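To start, the structure under review is shown below, and the notes come after it.
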Amino acid sequence: MEKFIKTPVQVAQQLEHWYRMYHPEGKDTDTFILFGQLPSAVKETLLPLMALPALELPVLALMLHETCFVINTTERFIRVDGEQMESVYYQEFLFHKGYKTMTTMEESGPNVKAEGKTGEFEILKTNGESVFWIIPTGRAGFKFWNVTKRCQIIGRKYHIQQEQ
């Protein structure tokens with residue numbers, strides 16, 4: 001398969017473009033935002049925990065709660081929970097399988113479109129392994145789902161290299 005050479009900045013611009021498809025400028029923000037829109041104190045806490053290499057840029061942030069985030073960088077998904085970190089590189093990412101279970105159920109059953117709920121979200125890796133992360137349902141969760149399903153394109157079609 002042919003790979004397209006992209007710089008980290010070009011990949012960041014692509015991620016932001018995909019984000020804007022589901023979150024036009026001027027709309028109210030929710031818990032899935034551009035990393036640059038996070039409060040400075042939050043960014044200052046997250047950056048040392050992620051210890052990103054110089055060429056890897058944080059682009060998107062899904063806030064799960066005060067100390068737990070899923071960050072989309074130019075190379076991977078990173079789940080930061082307090083001092084713990086777990087990541088899935090886009091080269092390993094096959095696709096999302098969606099919400100598997102709900103952590104908060106309504107009497108009528110689970111509703112993945114309900115705001116204020118969370119669900120166990122399955123990420124399938126190219127080696128067949130599944131990773132399960134609890135993420136919000138509703139608008140933020142579906143924006144995350146729609147935007148980040150495209151990250152498989154980054155993993156399969158892009159070769160990221162330093163700007164020349």
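Quick caveat: nothing in here was measured; it's all calculated off a predicted structure.
- The nearest pair of heavy atoms linking Gln10 to Thr7 is OE1-N, 2.8 Å.
- Using a 4.5 Å cut-off on side-chain heavy atoms (C-beta onward), Phe95 and Lys149 make no contact.
- Remark: Phe69 CZ to Leu49 CG distance equals 10.5 Å, nearest 0.5 Å.
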Original post:
Taking it one step at a time, do Cys68 and Ile134 satisfy side-chain contact (heavy atoms from CB on, under 4.5 Å)?
Top reply: CA-CA 10 Å; Cys68 188; Ile134 303 295; over 6 Å; no

Subject >> Chi angles and distances behind the side-chain contact (heavy atoms from CB on, under 4.5 Å) call for Trp18, Asn146 >> reply: CA-CA 9 Å; Trp18 291 331; Asn146 286 320; over 6 Å; no

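- Linking Ile, Leu, Val, Met, Phe, Trp and Tyr whenever their side-chain heavy atoms come within less than 4.5 Å leaves Val70 and Tyr89 in two separate clusters.
- Minimum interatomic distance between Glu56 and Thr73 (heavy atoms only, all atoms of both residues): OE2-OG1, 2.6 Å.
- Interatomic distance, Gln13 CD to Arg20 CZ, rounded to the nearest 0.5 Å: 12.0 Å.
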**OP:** Show the numbers, then the answer: is there a side-chain contact (heavy atoms from CB on, under 4.5 Å) between Met50 and Ile71?
**Re:** CA-CA 9 Å; Met50 294 186 296; Ile71 306 296; 3.8 Å; yes

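- Distance check: Ser130 OG to Lys125 NZ gives 10.0 Å after rounding to the nearest 0.5 Å.
- Here the side chains of His65 and Asp81 are in contact, with some heavy-atom distance below 4.5 Å.
- The aromatic ring centroids of Tyr19 and Phe32 lie less than 6.0 Å from each other.
- Looking at Met85 and Ile78, their side chains come closer than 4.5 Å, going by heavy atoms from C-beta outward.
- Side-chain atoms of Leu52 and Arg76, non-hydrogen and from C-beta on, do get closer than 4.5 Å to each other.
- Residues Tyr90 and Phe77 meet the side-chain proximity criterion, which asks for heavy atoms closer than 4.5 Å.
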**OP:** List the steps and the verdict of side-chain contact (heavy atoms from CB on, under 4.5 Å) for Glu122 and Val131.
**Re:** CA-CA 6 Å; Glu122 184 175 5; Val131 176; over 6 Å; no

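- No side-chain heavy atom of Gln14 sits less than 4.5 Å from a side-chain heavy atom of Val11.
- Scanning all heavy atoms of the two residues, the minimum distance from Thr137 to Thr118 falls at CG2-C, 3.8 Å.
- Side-chain contact check for Asn72 versus Thr148: some heavy-atom pair is nearer than 4.5 Å.
- Ala61 and Leu38 get closest at one heavy-atom pair: CB-CD1, 3.7 Å.
- To the nearest 0.5 Å, atom CD1 of residue Ile33 and atom NZ of residue Lys143 are 11.0 Å apart.
- Residues Ile123 and Leu94 are members of separate hydrophobic clusters, defined by side-chain heavy-atom contacts under 4.5 angstrom among Ile, Leu, Val, Met, Phe, Trp and Tyr.
- Atom CD of Glu92 has more than 12 neighbouring heavy atoms from other residues, nucleotides or ligands inside a 6.0 Å radius.
- Taking every heavy atom of both residues into account, Ala12 and Thr74 meet most closely at N-CG2, 3.7 Å.
- For the pair Ile135 and Leu62, the minimum side-chain heavy-atom distance is below 4.5 Å.
- The minimum heavy-atom distance linking Pro48 with Lys43 is given by the pair CD-O, 4.4 Å.
- When hydrophobic clusters are built by joining Ile, Leu, Val, Met, Phe, Trp and Tyr residues whose side-chain heavy atoms come closer than 4.5 Å, directly or via intermediates, Leu124 is not grouped with Phe144.
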**OP:** Apply the test side-chain hydrogen bond (donor to acceptor under 3.5 Å, both in side chains) to residues Glu120 and Trp133: give CA-CA distance (whole Å), side-chain angles for both, the deciding distance (0.1 Å), then the verdict.
**Re:** CA-CA 6 Å; Glu120 190 174 37; Trp133 289 342; over 6 Å; no

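- Aromatic rings from Phe121 and Phe132 are positioned such that their centres are separated by 6.0 Å or more.
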